[in-house]
Amino acid sequence: MKAFFFVLAVASLYGCGGSYGGGTTAPPTQNTNTPPQAGGISVENNSFNPSAKTVAVGTTVQWAWNSCVADPNYGGGTTCTLHSVTFDDGTGSVTQDHGTFSKVFNTAGTFNYHCLVHGSAMTGTITVQ
């Protein structure tokens, strides 16, 4: 009976992908930078570029994450930094490390925003006329 349970345990481990030595694991899929569309804003490491922008009422502004850099400590892969586009009223993007976020500005005014991760060290302003 003990032999049966031993064989069952070994078979279960082997069937679940267990292995003994010699295996390698590929690094996870790497994120890439997203070029901003014409007139867009690049979300970079510790800055928005440009940090100030003036647009007409009804304009859609797109932010594109460009915070991925080569990381020699990660097997030649990339490391991407988390950022957000958060307006003073609390609206905005989720915290993310790649991709885009767009917002339509339907009213005139000045709209200040910042990165939740970096606070006052990473800010921007949209002026809508």
Looking at residues at least two apart in the chain, or sitting in another chain, which of them share a side-chain hydrogen bond (donor to acceptor under 3.5 Å, both in side chains) with [X]?
{"X": "Thr86", "answer": "Ser84"}
{"X": "Asn112", "answer": "Thr125"}
{"X": "Ser42", "answer": "Glu44, Asn66"}
{"X": "Ser51", "answer": "none"}

- Task: Determine, step by step, whether His118 and Thr123 satisfy the side-chain contact (heavy atoms from CB on, under 4.5 Å) criterion, reporting the C-alpha distance in whole Å, the side-chain angles of both residues, the deciding distance to 0.1 Å, and the verdict.
- Result: CA-CA 9 Å; His118 297 96; Thr123 62; over 6 Å; no
- Query: Other hydrophobic cluster members with Tyr113, side-chain heavy atoms of Ile/Leu/Val/Met/Phe/Trp/Tyr under 4.5 Å, chained?
  - Reply: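 Answer for Tyr113: Ile41, Val43, Phe48, Val55, Val57, Val61, Trp63, Trp65, Val85, Phe87, Phe101, Phe105, Phe111, Met122, Ile126, Val128.
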- Taking the hydrophobic residues Ile, Leu, Val, Met, Phe, Trp and Tyr, and joining any pair whose side-chain heavy atoms are under 4.5 Å apart, which ones share a cluster with Val104?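 Other cluster members: none.
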- Message: Donor-acceptor check, side chain of Lys53 to backbone of Gly124, threshold 3.5 angstrom: yes or no?
- Response: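 No, Lys53 side chain to Gly124 backbone: no donor-acceptor pair under 3.5 Å.
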- Nearest 0.5 Å please: distance from the NE2 atom of His98 over to the CG atom of Leu82.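 Taking NE2 in His98 and CG in Leu82, the distance rounds to 10.5 Å.
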- Query: Could you give the distance from CD (Gln96) to OG1 (Thr81), rounded to the nearest 0.5 Å?
  - Reply: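 Nearest 0.5 Å value for the CD-OG1 distance: 13.0 Å.
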Return the minimal non-hydrogen interatomic distance between [X] and [Y], and the atom names on each side.
{"X": "Ala64", "Y": "Pro36", "value": "CB-CA, 3.6 Å"}
{"X": "Asn33", "Y": "Ser67", "value": "OD1-N, 3.2 Å"}
{"X": "His83", "Y": "Asn45", "value": "NE2-OD1, 3.6 Å"}

- Show your reasoning for whether side chain to side chain donor-acceptor pair (under 3.5 Å) applies to Asn49 and Ser47. CA-CA 6 Å; Asn49 187 16; Ser47 68; over 6 Å; no
